[in-house]
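Worksheet: the structure to be examined is printed underneath.
When a residue number appears, it is its place in the shown sequence, counting from 1.
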Amino acid sequence: METIQDSYKSIASQCEGLFKDNGSRFIALAYPVETTDQIKEIVSSLKKEYHDARHHCYAYRLGYKRDVFRANDDGEPSGSAGRPILGQIDSLGLSDTLVVVVRYFGGIKLGIPGLIRAYKTSTSDALSKAEIVEKIACRHFRLGFDYLQMNSVLKVLKDMRLEQRNQQFSEKCSLDTSVRLSLEQDFRDRLSRIDCTIDEIQ
């Protein structure tokens, strides 16, 4: 049976890096993120906070499969900013990570090799200060069952060491839980022996 890879690396908290070249300053800000909405909020707030900067370039990678990503040059020559930022995220094998590099122009053009080095080095400086953490990819479920099935359902959760939330115990019972991807099939198999509905929740 195929093993599901459900653990991945991210950063624990925000961190900052800096690179200077010929008067230009590159301030790299790295964030742990989980959704594109979060990313939009952060980028938008940084554009307000650093409103006098010339560029706000960024890159991110999301999800346990690391298959959601974007690199944005924000007006810098194509491939000179977003891709070097993403390259540093990828060199550490990170996901659920956003790095925004704010550039203050110093009056002297750096050329494309100089820009690539600046965006790469400032990002590397920020990520070198990050605490790398392991994250586990989970799916979230709401279970529905009759009161008579409660002990059986709770035993499955206890045996699999799963937390329960939002419990409602009456004639009709429900609760929410999260299951790591590699355990999902086992979880479904155990509950299939009990009269219990399983609905995925986002």
Min side-chain heavy-atom separation [X]-[Y] under 4.5 Å:
X    : Y    : value
L175 : L154 : yes
F105 : L110 : no
K65  : Y8   : no
I11  : I132 : yes
L162 : F187 : yes
S24  : R103 : yes
E49  : V102 : no

[atom2] on [Y] to [atom1] on [X], rounded to 0.5 Å:
X    : Y    : atom1 : atom2 : answer
H140 : R165 : NE2   : CZ    : 7.0 Å
E171 : D146 : CD    : CG    : 7.5 Å
I39  : S44  : CD1   : OG    : 13.0 Å
I85  : L98  : CD1   : CG    : 9.0 Å
Q149 : K155 : CD    : NZ    : 14.5 Å
T97  : D90  : OG1   : CG    : 10.0 Å

Least distance between heavy atoms, [X] atom then [Y] atom:
X    : Y    : answer
D176 : R142 : OD1-NE, 2.7 Å
S122 : A28  : O-CB, 3.2 Å
I112 : S80  : CG2-CB, 4.3 Å
D73  : S78  : OD2-CA, 3.5 Å
S178 : C138 : CB-CB, 4.3 Å
L94  : R61  : O-CD, 3.9 Å

Please check: side-chain N/O of [X] versus main-chain N/O of [Y], any donor-acceptor pairing under 3.5 Å?
X    : Y    : answer
S10  : D96  : yes
K9   : L92  : yes
H55  : D74  : yes
N72  : Y58  : no
T177 : E163 : yes

More than 12 heavy atoms from other groups under 6.0 Å of [atom1] on [X]:
X    : atom1 : value
R66  : CZ    : yes
R161 : CZ    : no
K129 : NZ    : yes
E200 : CD    : yes

Ring geometry between F169 and F145 (parallel below 30°, tilted from 30 to 60°, perpendicular above 60°):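 Tilted, since the angle between the ring planes falls between 30° and 60°.
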Mutual orientation of the aromatic rings belonging to Y104 and Y50 [parallel < 30°, tilted 30-60°, perpendicular > 60°]: perpendicular
Does the side chain of [X] come under 3.5 Å of the side chain of [Y] through a donor N or O and an acceptor N or O?
X    : Y    : value
R193 : S152 : no
R83  : Y119 : no
S7   : Q5   : yes

SB check R117 D21 (cutoff 4.0 Å):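 So R117 pairs with D21 through a salt bridge.
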Derivation and outcome, side-chain contact (heavy atoms from CB on, under 4.5 Å), residues Q38 and L62: CA-CA 11 Å; Q38 257 182 308; L62 294 177; over 6 Å; no
Verdict with reasoning, F141 to R188, per side-chain contact (heavy atoms from CB on, under 4.5 Å): CA-CA 11 Å; F141 298 102; R188 287 181 178 278; 3.4 Å; yes
